[in-house]
Participant: 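This is the structure, below, for whatever I ask next.
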Amino acid sequence: MEPLYKPEGVEERWQRAWEEEGHYAADPDPARRPYVIALPPPNVTGELHMGHALNGTLQDVLIRWHRMRGFNCLWQPGYDHAGIATQNVVEKELAKEGKTRHDLGREAFEERVWQWLETYGRVIMHQFRRLGCSLDYRRERFTMDEGYVRAVMRFFVHLYKRGLVYRDNRIVNWCPRCASALSDLEVEHLEVEDTVYTVRYPLADGSGFVPVATVRLPTMLGDVAVAVHPDDDRYRGLVGKEAIVPAAERRVPIIADARVDREFGTGAVKITPGHDPLDFEIGREHGLPELTVIALDGRMSGEAGEYAGLSQEEAQARIAEALARQGLLERAEPYRHAVGHCERCGTRIEPLITLQWWVEMEELARPAIEAVRQGRVRFWPARFNRVYLDWMESIRPWCISRQLWWGHRIPVWYCACGAEIVSETEPDRCQACGDPELRREEDVLDTWFSSALWPLATLGWPDETEDLAYFYPGDVSSTAREIIFLWEARMIMAGLEIRGEVPFRHVIIHSTVLAPDGRRMSKSLGTGIDPLELVERYGADATRYGLLKMSSAQDVRFSEGAIEEGRRLANKLWNVSRLILANAGEALPQARPQALEERWILARLDRARAEVEEALESFELARATSVLYHLTFDDFCDWYAEAIKPRLYAGDADARATALFALERLLLLLHPFLPHVSEEVWSHLPARERRLIVSPWPEPDDRFAAEGDALERVKEAATIFRRSGVRVPLDGEELRIFEAVVRPQRLRVDGKVEVECERLRKEIERCQRLLANESFLRKAPPEVVAAERAKLARYQREREALGCADGPPTSG
RNA sequence: GGGCGCGUAGCUCAGCGGGAGAGCGCCCGCUUCACACGCGGGAGGUCGCUGGUUCGAUCCCAGCCGCGCCCACCA
């Protein structure tokens, strides 16, 4: 064993061994309790980034911990086909050849995507392996593989039969560049500079005009009404009358609707059901026509009259000019507001009326709301329960059809007779008229529609498999917070709808790792840091440790120091193991912890065990790492290892046996966090019958619980001695440990007795002041008072030992 | 517009009602036979600001100032 721990080689060796020996594999086994986590399936085209690495490590710690506790652990790997994202990647590839997907045609394009994936996709699972993630790689699934497609079709048909899926002509978020509809969650609101125009709409009876404010002049060509608030005195007389939309020369009614904000603009609003979501709603309720003046490509449509074919900017300029000429343009001023943009390509969203497939969400949401309210699913940290509930309680219909080529094609066939056949498999003829000529729906499903089924479909659903019966429902789902609605909420809804059971009991929302400068980590900004590069430089254990340390807050700036700390911990463990192993001897008696430092370290190990368990149970992994760091460095190395050295060197059999026993316990606690070093060290321990990865997590051991603070006096004495050169009297085992640890021959004494005395004087003064305060004595809890008294006594003892002169009783 | 989170040592962050902490960095001393990816010691904080509650507040409450995130149909 070399003095410097080198993770290269060691880690890959263990990763291979663990996987080949089948320790990652999970199969139904009624004799054991299952523990299940489904890895959020990364995009097939993706590569491991910091978020994946953090999330993977987190889940791996939980999986490894439960594996050691005897659970039958299934950690499910796989990929998401990622509709738009993947299609874009391959389209860019095509663009290099000067082609578009339309040059290939649908089938050839799909073939091309599969080819691309064959060559360049599916690399992340290898990267997860390199991080030490103990996923059951045999079970890798893809949202587009055969069985999974059946699950998606089954769910769609199921919802259709329940009346929760329907096709409707409604206003949607349309991305003119992607040429597809988007769900509300795929729209990102960004601040933009616009102009707000105040336009005079003449009244049809010639009695004047009504001023209307708008930022989208071109859409006035599609106006079908003017609305005012029913209680707005300014316009009360106008309701029921008609106005003329200037550029369109159309007579439209003036209606009253409470959704109009009297405070905003002029208090009168133009109603354009074809191009504004609120107007659309108002329009439907008032039975207004729906005119479309903007086409799917974002330009003015044929119905825009003389403006047809123009871009919106051109139309806006021309209309503004015309209005000004007619004296109908009252004002035009700059206006800053948030406008929806396509999350994928950044193009401004065009609200348009198109024929799309929808899921009615309220009925699905109801049981999913109950599940969280009742705590059958819990979010960690707990505040995300509220976030989830707020969204779910005001949920709106979900637009699930996408005008893309890459994805699950919607299982609906149309017949010339007008029939609409919804079927899991392709029907051979029309059920209504018998016509064999059927046309399949062109649209594919939103990627997240299939993701919602991940916990179920990966276990074999729609088939009633053994896996499904044994592993469903699972235990934990861990994700970043931006995915709570897109994925977590929908998995919960789908699970409840299909099985009547939540898919997991805990949802962990982990932190976002930011670049060191506080910006988002992003490839395009050049702020990304490659976790695999960290693995190369520091080792997987160190990288895991650093990531866990950064997992606590909501946002954490990446700090390489955290990874370095992990590397130092691994190295420390390695070296203290060398010390113990080099002195352990061969045949070993049963450990009989007797010496004070032995009882003490076993108490500390058990206390740490309890703290780690507590932290893991509430998913506070950063806290757990901190406990283990201090256990290893402070307790195990700085005190215990130093204390036993003389006995170890002297060949004390008890010291050796107990040291091995204590080291073993330390390795067990460390394994979920630093699996590779700990397994490597474990393999050097004499007479191992099994791998650390499958060794049982330590049972509580309170034999020495009372000894947890046994070294306090020695520690204090050592501190005082090192600072001042003065020896606080100790005897027996305490003295023995003191001498083993302080090495007086090396000590440089700077004569700091006075400084030490002064420090103690101040502490004593503080205690005395507190203990003289009657309110404190009356109201503070007794244990607090007792603790203060104990401190006072201790400080006074120390002062005496140091031989401090009685300082002047300083007042104030 | 609504909601949430954060502001603690030079840096990255813990702590969240009774002595201000860790790691890195910095200074001093150590080639101590496990480890210089080490050991020991030290310097360095009006715990964003202002009020309030309390015997006592970094910690609880209110307001304010900065930073960030999520949600959102005021044209």
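Numbers restart at 1 for each chain; the letters A, B, ... are given by sequence-line order, proteins then strands.
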Participant: Starting at atom CG of A:Leu548, determine the distance to atom C1' of B:U12, rounded to an integer number of angstrom.
Facilitator: 16 Å
Participant: Considering every strand shown, what is the Watson-Crick or G-U wobble mate of B:U54 when both distances are under 3.5 Å?
Facilitator: none
Participant: Nearest to the side chain of A:Arg567, heavy atoms from C-beta on, is which of B:C73, B:C37, B:C35?
Facilitator: B:C37
Participant: If you only use heavy atoms from C-beta on, which nucleotide in B:G23, B:C69, B:G18 is closest to the side chain of A:Pro781?
Facilitator: B:G18
Participant: Check whether any side-chain nitrogen or oxygen of A:Arg623 sits under 4.0 Å from OP1 or OP2 of B:A14, and answer yes or no.
Facilitator: no
Participant: B:A75, OP1 or OP2 - any side-chain N/O from A:His337 closer than 4.0 Å?
Facilitator: yes
Participant: Using Watson-Crick or G-U wobble geometry with both distances below 3.5 Å, tell me the partner of B:G38, or none.
Facilitator: B:C30
Participant: Among A:Arg348, A:Arg216, A:Arg336, exactly one meets salt bridge (Lys or Arg N to Asp or Glu O under 4.0 Å) together with A:Asp194. Which residue is that?
Facilitator: A:Arg348
Participant: Please tabulate, one pair per line, each protein N/O and nucleotide N/O from nucleotides 4-8 of chain B that are separated by under 3.5 Å, including the distance.
Facilitator:
none

Participant: Can you tell me the base-pairing partner of B:G2? Count Watson-Crick or G-U wobble geometry only, both distances below 3.5 Å, and say none if there is no partner.
Facilitator: B:C70
Participant: Can you find a donor-acceptor pair, distance only, under 3.5 Å between A:Glu642 side chain and B:A34 base?
Facilitator: yes
Participant: Among B:A72, B:A34, B:A22, which nucleotide sits nearest the side chain of A:Cys637?
Facilitator: B:A34
Participant: Would you verify whether the NZ or CZ of A:Arg727 falls within 45 degrees of the ring axis of A:Phe721 while also being under 6.0 Å from that six-membered ring's centre?
Facilitator: yes
Participant: Could you tell me if A:Arg490 sits above the aromatic ring of A:Trp398, with its cationic atom closer than 6.0 Å to the ring centre and no more than 45 degrees from the axis?
Facilitator: yes
Participant: Are A:Lys572 and B:C39 close enough that a side-chain N or O sits under 4.0 Å from OP1 or OP2?
Facilitator: yes
Participant: Could you check which nucleotide pairs with B:C24 in any of the strands shown, counting Watson-Crick or G-U wobble with both distances under 3.5 Å?
Facilitator: B:G10
Participant: Counting the atoms with a prime plus P, OP1 and OP2 as sugar-phosphate, which does A:Arg769 contact under 4.0 Å by heavy atoms, base, sugar-phosphate, or nothing?
Facilitator: nothing
Participant: B:C73, B:A34, B:U12: which one has an atom nearest the side-chain heavy atoms of A:Ser559?
Facilitator: B:U12
Participant: Roughly how far apart, to the nearest Å, are B:G48 and B:C6 at atom C1'?
Facilitator: 11 Å
Participant: Say we look at B:G40 and B:U32: how far apart would their P atoms be, to the nearest angstrom?
Facilitator: 14 Å
Participant: Under 4.0 Å from OP1 or OP2 of B:A14: is there any side-chain N or O of A:Ser552 that close?
Facilitator: yes
Participant: Select from A:Asn773 and A:Thr719 the residue whose nearest nucleotide in RNA chain B is closer to the 5' end of that strand.
Facilitator: A:Thr719
Participant: Taking only the C1' atom of each, what is the distance from B:A14 to B:A20 in whole angstrom?
Facilitator: 12 Å
Participant: Among the nucleotides B:C39, B:A75, B:G18, which one has an atom lying closest to any side-chain atom of A:Glu788?
Facilitator: B:G18
Participant: Between A:Leu182 and A:Cys399, is there a side-chain heavy-atom distance shorter than 4.5 Å?
Facilitator: no
Participant: Between A:Lys791 and A:Glu763, is there a salt bridge with N-O shorter than 4.0 Å?
Facilitator: no
Participant: Are A:Tyr388 and A:Phe384 an aromatic pair, judged by ring center distance below 6.0 Å?
Facilitator: no
Participant: Any idea which of B:C70, B:A34, B:G18 is nearest the A:Phe485 side chain?
Facilitator: B:C70
Participant: Could you check which of B:A34, B:A72, B:A75 has an atom nearest any side-chain atom of A:Val215?
Facilitator: B:A75
Participant: Phosphate oxygens OP1/OP2 of B:A75: is one of them under 4.0 Å from a side-chain N or O of A:Tyr335?
Facilitator: yes
Participant: Do A:Val196 and A:His337 have side chains that approach each other closer than 4.5 Å (heavy atoms only, starting at C-beta)?
Facilitator: no
Participant: Once you apply a heavy-atom cut-off of 4.0 Å, does A:Ala338 come out as touching a base, just sugar-phosphate, or nothing?
Facilitator: base
Participant: Can a donor-acceptor pair be found between the side chains of A:Thr719 and A:Glu716 at a distance below 3.5 Å?
Facilitator: no
Participant: A:Arg722 side chain: which of B:G18, B:G40, B:C37 is closest?
Facilitator: B:G40
Participant: Give a yes/no on whether any side-chain N or O of A:Arg568 is located under 4.0 angstrom from OP1 or OP2 of B:G23.
Facilitator: no
Participant: Send over the distance from A:Asp638 CG to B:G38 P, rounded to a whole Å.
Facilitator: 11 Å
Participant: Any strand counts, and the cut-off is 3.5 Å on both contacts for Watson-Crick or G-U wobble. Which nucleotide pairs with B:A75?
Facilitator: none
Participant: When all nucleic acid strands are considered with a 4.0 Å heavy-atom cut-off, which category describes A:Arg396: base, sugar-phosphate, or nothing?
Facilitator: base
Participant: By the 4.0 Å heavy-atom rule, please label A:Glu565 as base, sugar-phosphate, or nothing.
Facilitator: sugar-phosphate
Participant: By the 4.0 Å heavy-atom rule, please label A:Ala562 as base, sugar-phosphate, or nothing.
Facilitator: nothing
Participant: Among B:A72, B:G18, B:C13, find the nucleotide with the atom closest to the side chain of A:Val556.
Facilitator: B:C13
Participant: Quick check for you: among B:C13, B:C37, B:C73, whose closest atom lies nearest to any side-chain atom of A:Asn571?
Facilitator: B:C37
Participant: Base, sugar-phosphate, or nothing for A:Arg386, non-hydrogen atoms under 4.0 angstrom?
Facilitator: nothing
Participant: Should A:Leu674 and A:Arg544 count as side-chain neighbours, where that means a heavy-atom distance under 4.5 Å?
Facilitator: no
Participant: When the ring planes of A:Tyr335 and A:Phe264 are compared, do they come out parallel, tilted or perpendicular, using 30° and 60° as the limits?
Facilitator: perpendicular
Participant: Want to settle it: does A:Arg794 or A:Glu263 sit nearer the 5' end of RNA chain B, counting the closest nucleotide to each?
Facilitator: A:Arg794
Participant: Which part of the nucleic acid does A:Tyr649 contact within heavy-atom distance under 4.0 Å: base, sugar-phosphate only, or nothing?
Facilitator: sugar-phosphate
Participant: Using a heavy-atom cut-off of under 4.0 Å over every strand shown, decide if A:Lys645 touches base, sugar-phosphate, or nothing.
Facilitator: base
